[in-house]
Amino acid sequence: MNVKKLDIKAKNGKHMVSNGINILIGLVLLAMPLLNSCNVLNVESEDSIPASEAFKNKKGIEQGVLGSYDAMQSLSYYGRTFSLFPDLSSDDLKHPTEATSSEYAQVDGHVILPENSAVEGTWDAIYNTINTANSVIVKVPDMTDMTDEEKNSALGELYFIRALCHFNLVNLFGAVPIKTSPTVGVANLNAKRDDVESVYTQIITDLTFAEENLTASFSTKTRASKYAAKALLARVYLYQENYEAAYQEANKVILEGGYTFLDNYADIFADDGSAETIFEVDFAADDRNRIAEYNFPKTLNGRYEVAPTTSIINAFSAEDKRKNATIAYDGVNAYAKKYDDLSTGADNVIVLRLAEMYLIRAEAEAHLGNPVIKNIQDDINIIRSRAGLSNTTAATTSALIAAIEEERRLEFAFEGHRWFDLIRTGRAVSVIDELDDARMTLYPIPSGEVLTNNLMKQNPGY
């Protein structure tokens, strides 16, 4: 088992995780090789260091919190697969003919097999992150050298991570097991799927606690804050079609969060931790992601497993300044370039940023009774103006909702939004030619999970 040391180091203002040996990761890393399965409950080895030894004091809890963020760096999670598959499922990315990964080809063609190892890896990685957080959560109340405020702050970060993970799971797979306590050993491996409504209830519970107990901001964007929790809540409520709550949370982030809407779109991605971003997943040369590697053409030493579709390329008008910050060419081949650190993979992955809050506020208001058309137009035009475009001509609620969808597609191209936007609005089947069955908007539960978990049922159609 590859083991890492959780060691806080300052580098460009970020908390980094370096290689080494540390007893904490014996507690929190996956022990999947024990059964060669991906059962969500088979998480912690029985012979690992027990929690009572790993988390003895405030320092141990802090290291455990950082370990929970570290788990999101997995190549199967934000380090690669989860950052690419939602757009590959949509009409924004495709699997080029010269590419080699059959797992990626299945996702692009909407013929995903339950045996798809990349999908299984994502399922494993997200549940591993949840279990990592839960392993720390359960020990926080017993810390005698932490004040109640310090305990609640630590729990707020961990609940934010757990909520984000459950949110990602429910949108990929539908009903999934809710995990709110750590799992040890190989006993009681069966877990039923909780319905989607229950999963969302848990997500909102966790995020509500987080926004009430976290500080307004951290010195780094790679740790959760009060307004990161509010921003994620705004997205969650939008997906639930709770438009009043979505509006309120997005509005608070815009007015109170202290984030700055940058004048130059490319600056959002030029450096980590820009004034516009709200939450990012941390990466560095020793904890790298492989997003650029899978995006870049082979002529530039990439793998070119994904490429922009003609549809997204043509969706950008000639005047749209976002296009050159989003898509590049090697002379012949188009490729996504927002994450462009091919040599070290040290680009942070942006999860939440201010522009989304404006478009959530606009969409939420458009769905509310008696919307103020000018307010919706103003929020859309903030996005369009930075892109060098004229004000929107949409003037009815239906036209504005369509305009918002298009702005979301262009503004967040290759940031993992498009697939979920099409699903939540019920438009996936009508927009994506290869998708002829709405059941396929959910990924299959990995076959290893179904085979080893007697309570696990497969999604319809697989």
Side-chain angles (χ1 to χ4, degrees), residues 90-92 171 204 211 227-265 268 275-278 312 315-317 319-323 326 350-413 415-428 430-431:
S90 78
D91 52 345
D92 283 359
N171 281 287
I204 293 169
E211 74 168 341
Y227 288 98
K230 286 181 178 294
L232 186 53
L233 267 173
R235 184 188 293 177
V236 168
Y237 286 134
L238 183 74
Y239 277 47
Q240 282 197 302
E241 300 182 359
N242 184 344
Y243 297 119
E244 177 63 35
Y247 179 94
Q248 293 298 333
E249 295 293 349
N251 190 53
K252 289 175 184 176
V253 175
I254 293 168
L255 298 180
E256 303 170 6
Y259 304 101
T260 302
F261 195 76
L262 300 182
D263 293 332
N264 181 16
Y265 183 78
I268 302 168
E276 183 166 325
T277 62
I278 300 170
I312 185 61
F316 287 99
S317 67
E319 300 80 17
D320 197 326
K321 296 178 181 179
R322 293 171 296 195
K323 185 173 185 179
T326 303
I350 298 170
V351 178
L352 296 161
R353 59 185 178 91
L354 186 58
E356 184 185 359
M357 298 301 105
Y358 281 102
L359 292 177
I360 287 177
R361 187 170 71 176
E363 185 175 346
E365 181 159 1
H367 283 283
L368 293 173
N370 301 314
V372 179
I373 297 298
K374 185 179 184 304
N375 289 347
I376 302 169
Q377 291 172 330
D378 287 347
D379 280 346
I380 296 173
N381 290 335
I382 287 171
I383 306 298
R384 290 179 61 83
S385 177
R386 177 170 66 181
L389 303 176
S390 59
N391 288 345
T392 182
T393 58
T396 66
T397 54
S398 59
L400 286 165
I401 289 169
I404 291 165
E405 180 185 299
E406 185 65 9
E407 288 307 317
R408 286 182 64 91
R409 184 186 189 190
L410 299 173
E411 179 71 18
F412 307 121
E415 295 180 53
H417 290 262
R418 175 65 170 172
W419 173 240
F420 301 125
D421 282 344
L422 291 174
I423 293 172
R424 68 181 177 81
T425 58
R427 287 180 24 79
S430 63
V431 169

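Values reported hereafter were calculated over all heavy atoms of this structure, with side chains retained and with hydrogens, waters and symmetry mates removed.
- Side-chain atoms of Ser430 come within 3.5 Å of backbone atoms of Arg427 as a donor-acceptor pair (strictly under, hydrogens ignored).
- Two residues are said to be in side-chain contact when any heavy atoms from C-beta on lie closer than 4.5 Å; Gln240 and Ile204 meet this criterion.
- Ionic pairing of Arg409 and Asp92 is present here: one or more N-O contacts between side-chain nitrogen and carboxylate oxygen are shorter than 4.0 angstrom.
- The two residues Ala228 and Leu352 make their nearest non-hydrogen contact at O-CD1, 3.6 Å.
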Would you check, one step at a time, whether the test side chain to side chain contact (heavy atoms under 4.5 Å, CB included) holds for Leu400 with Ile373? CA-CA 8 Å; Leu400 286 165; Ile373 297 298; 3.8 Å; yes

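- With a 4.5 Å cut-off on side-chain heavy atoms, Leu410 and Ile312 count as touching.
- Formation of a donor-acceptor pair under 3.5 Å by the Arg384 side chain with backbone atoms of Ser390 is found in this model.
- Here the closest non-hydrogen pair linking Leu354 and Thr260 is CD2-C, 3.8 Å.
- For Glu365 (side chain) and Tyr247 (main-chain N/O), no donor-acceptor pair under 3.5 Å exists by modelled atom type.
- Closest non-hydrogen pair, Val253 versus Tyr227, comes out as CG2-O, 3.8 Å.
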Start with the C-alpha distance between Glu249 and Val236, add both sets of side-chain angles, then the distance that settles side chain to side chain contact (heavy atoms under 4.5 Å, CB included), and finish with yes or no. CA-CA 10 Å; Glu249 295 293 349; Val236 168; over 6 Å; no

Mind running side chain to side chain contact (heavy atoms under 4.5 Å, CB included) on Tyr237 and Ile360 for me, showing each step along the way? CA-CA 10 Å; Tyr237 286 134; Ile360 287 177; over 6 Å; no

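- For the pair Arg353 and Thr277, the tightest heavy-atom approach, listed with the atom from each and the gap, is CB-CA, 3.9 Å.
- Counting non-hydrogen atoms of other residues, nucleotides and ligands closer than 6.0 Å to CG of Asp263 gives a total of 12 or fewer.
- For Tyr358, the ring-ring contact (aromatic ring centres under 6.0 Å, His included) criterion is met by Phe261, not counting sequence neighbours.
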Under the side chain to side chain contact (heavy atoms under 4.5 Å, CB included) criterion, do Tyr239 and Arg424 qualify, and how do the steps go? CA-CA 6 Å; Tyr239 277 47; Arg424 68 181 177 81; 3.6 Å; yes

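- Using a distance-only test at 3.5 Å, with no hydrogens or angles considered, a donor-acceptor pair links the side chain of Gln377 to the main chain of Ala394.
- Looking at heavy atoms from C-beta onward, Met357 lies in side-chain contact with Ile278 at the 4.5 angstrom threshold.
- When side chains are defined from C-beta on, Ile380 counts as touching Ile404, because their heavy atoms get closer than 4.5 Å.
- From Leu233, atom CG reaches atom CG of Asn242 across 10.0 Å, with rounding to the nearest 0.5 Å.
- A 4.5 Å side-chain heavy-atom check between Asp378 and Lys374 finds at least one atom pair inside the cut-off.
- The pair Arg386-Glu276 meets the salt-bridge criterion, with a side-chain N (NZ, NE, NH1 or NH2) lying under 4.0 Å from an Asp/Glu carboxylate O.
- Classification of Arg418 and Glu405 as a salt-bridged pair holds, one side-chain N sitting under 4.0 Å from a carboxylate O.
- Note: Leu238 CG to Glu363 CD = 4.5 Å, rounded to the nearest 0.5 Å.
- Counting all heavy atoms, side chain and backbone alike, Phe412 lies closest to Ala355 at CZ-C, 3.9 Å.
- Heavy atoms only, all atoms of each residue included: Thr425 and Asp421 are closest at OG1-O, 2.8 Å.
- Rounding to the nearest 0.5 Å places NE2 of His417 at 6.0 Å from CZ of Arg408.
- Between Trp419 and Asn171 there is no side-chain heavy-atom pair separated by less than 4.5 Å.
- Atoms OG1 and CD, from Thr392 and Glu406 in turn, are 10.5 Å apart once rounded to the nearest 0.5 Å.
- Applying the salt bridge (charged side-chain N to carboxylate O under 4.0 Å, His left out) criterion to Asp320, with sequence neighbours excluded, gives Arg322.
- Separation of atoms CD1 (Ile254) and CD (Glu356) is listed at 10.5 Å; rounding is to 0.5 Å.
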